[in-house]
Amino acid sequence: MTVAEYNQCVDDFSDGIFRFILKNMKDPEKAKDVVQDTYEKLWVRVTEVSGEKAKSYLFTTAYHTMIDVMRKDNRMENFDHSRHDRQVSEQAYNGLSEILEAAVSRLPADQRSVIMLRDYEGYSYEDIASITGLSESQVKVYIFRGRMFLKNFLGSIEALI
Amino acid sequence: MKISKENIEVYLLDYMEGNLDPLLTAELMAFLAENPEYEKWLPEYENSPEQASRLSLGGKTFLKKDFPDIPAVTAGNFEEFCIAESEGILNKDDIARLNGYVAHHPEGSQVRDLYGRLRLHPDHSLVYPGKRLLKKSTGRAMTFRYVSFVLGAAASIALLLMLVNRKPDTVTLTGTQPDVPRVENKTGQSSPVPALVQDQEDLTRSTSKRVAARDNPAEIPDPEPETVPDTIPQNSTGMPLLATLEPIRATLQQPSRNEPVTVRIVLPPATGAIPEKVKVVRPAAKRESSVLAFMGSLAKRLNFWDAAETAISGFNYLTETQLSLSKTTDENGKLTGLALGTQQYIISGNKIK
């Protein structure tokens with residue numbers, strides 16, 4: 001990869017990676033740090049990573065960097081249905097996108113990541129498996145279960161409204 | 001990934017599909033042995049008719065790669081078809097079958113509609129603010145950096161060479177003493193001025209001319225061939241002035257800033273013989289005159305040592321290296337040697353005596 005290609009990667013993918021990390025971590029500063037670390041790692045291996053593989057490399061690196069940060073911060077918590085169900089009834093939403101955003105934030109980290117990679121970036125199951133280190137079957141299951149949860153969450157909110 | 005209660009379903013699905021390698025299969029069996037409540041999800045348990053309907057293993061149909069292989073859309077796999085439709089992996093025939101099911105089960109249309117609205121859309125207002133800092137310099141800047149590196153190195157080496165190779169400004173002066181001036185002592189008796197004093201005066205005048213020429217290079221005249229007198233000058237007593245015919249070598253020390261010009265005179269031992277032909281020796285005078293004039297004017301403005309240290313500092317800054325320049329001096333503080341050091345090599349030189 002040339003320097004020009006690297007800079008093009010910054011233009012093309014940094015926003016997507018930032019959104020992906022920010023939606024997962026909910027902390028803009030930490031999301032910025034993850035993006036910066038990700039591109040620093042790419043720059044270190046700029047001669048080894050080809051331009052075609054750059055996006056996959058960036059998202060893979062960003063994902064694993066994010067997981068490391070979250071583990072370090074001890075924020076890898078499983079979804080607590082009772083707590084969030086209580087919050088749902090107390091929170092008001094102004095539109096479908098806000099409801100979906102709230103629902104996605106309540107997903108377990110693995111499900112949230114695969115659904116975001118699928119919807120935001122349009123990755124195939126195979127690519128998502130490569131990025132997250134899961135098997136393709138695991139990716140499909142996580143997407144299935146995540147969609148089920150989102151549907152139930154959206155249905156419950158609409159019922160309340 | 002380690003098998004846990006959170007991902008056991010995934011491993012069971014892989015196991016049922018035959019996708020688990022022997023190692024993971026062994027880990028799965030070990031996990032089931034420790035957690036018998038999950039054994040009911042094994043395929044043998046699923047084959048039991050009365051337990052099959054209670055199986056809560058979600059997504060099994062969804063995991064199948066080809067929905068056409070599924071014989072019919074049922075209440076058990078309806079949501080999986082809906083998710084597959086929202087994922088865009090159903091073909092036209094499967095969509096038609098799903099439409100047929102919804103036509104017969106209108107209550108399913110709401111669920112299907114919910115799944116259709118679940119696709120997330122990126123918020124393009126969120127952008128990474130530090131793109132400029134992430135970008136690296138392009139080829140033009142790298143070329144500039146390379147050129148700076150080369151120029152810095154060249155300047156440093158040039159200054160070093162100038163410092164090391166500064167030979168003494170040696171001129172050989174000869175001259176005649178047409179008449180020996182006399183001085184009077186307190187008693188009124190006159191006596192000749194010693195030859196050495198006379199020579200020093202001549203040399204001082206000559207040096208003054210050279211210094212003036214150095215300060216004003218434009219006024220340096222072309223060297224003219226000097227004529228040698230045919231006759232040996234004599235003093236008032238008619239004797240040849242042998243002492244004045246001896247060559248005198250004068251060394252002009254290049255002055256540092258604000259230091260006076262010092263002249264060192266070396267008188268070779270007198271041979272007592274009268275040379276047949278006496279010349280003024282100015283080796284490469286014309287070529288060196290302009291160089292000396294330039295060096296002289298430069299020396300007036302620059303301290304070479306400060307300039308060299310500045311060049312090395314600039315070189316280190318531009319190239320992120322750690323060159324060092326050191327000097328050695330004698331007991332009088334005069335420069336006797338220089339050394340240019342890197343992390344691996346040292347280039348050193350001593351001043352020519």
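Basis for what follows: all heavy atoms, side chains included, without hydrogens, waters or symmetry-related copies. The chains referred to below are lettered A, B, ... by the order of the sequence lines, with proteins before strands, and numbering in each begins at 1.
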Open item on the list: Within this structure, what is the CG-CG distance for the pair B/Asp113 and A/Leu154, rounded to the nearest 0.5 Å?
Closed with: 9.0 Å
TODO: Indicate the atoms forming the closest heavy-atom contact of A/Arg147 with B/Tyr115, along with that distance.
DONE: O-CE2, 3.6 Å
Task: Test item: A/Gln36 and B/Tyr128 side chains (from C-beta on) under 4.5 Å apart, heavy atoms - done: yes
Open item on the list: Looking at chain A, which one of B/Pro129, B/Gly130, B/Ser86 has the largest number of heavy-atom pairs inside 4.5 Å, strictly under?
Closed with: B/Pro129
Open item on the list: Which heavy atom of B/Leu118 sits nearest to which heavy atom of A/Asp119, and what is that distance?
Closed with: O-OD2, 4.0 Å
Open item on the list: Can a donor-acceptor pair be found, under 3.5 Å and without considering hydrogens, that links the side chain of A/Arg118 to the backbone of B/Glu87?
Closed with: yes
Open item on the list: Need one label for A/Ile17: side chain, backbone, both or neither, based on atoms under 4.5 Å from any heavy atom in chain B.
Closed with: neither
TODO: Taking the side chain as every heavy atom from C-beta outward, state whether A/Tyr6 and B/Lys135 have any pair of such atoms under 4.5 Å apart.
DONE: no
Open item on the list: Testing the basics here: between B/Ile83 and A/Met148, what is the closest heavy-atom pair and its distance to 0.1 Å?
Closed with: CD1-CG, 4.0 Å
TODO: Count the heavy atoms of every other residue, nucleotide or ligand shown that sit under 6.0 Å from CD of B/Glu107, and state whether that count exceeds 12.
DONE: yes
TODO: To the nearest 0.5 angstrom, please state how far the NZ atom of A/Lys151 sits from the CD atom of B/Gln110.
DONE: 9.5 Å
Task: Any side-chain heavy-atom pair of B/Val127 and A/Phe18 under 4.5 Å - done: no
Open item on the list: Under 4.5 Å from any heavy atom of chain B, what part of A/Val46 do you find: side chain, backbone, both or neither?
Closed with: neither
Open item on the list: Under 4.5 Å from any heavy atom of chain B, what part of A/Thr2 do you find: side chain, backbone, both or neither?
Closed with: neither
- [ ] Kindly compute the distance separating CG (B/Leu120) from NZ (A/Lys23), expressed to the nearest 0.5 Å.
- [x] 8.5 Å
Task: Any B/His124 side-chain heavy atom under 4.5 Å of A/Asp15 side chain - done: no
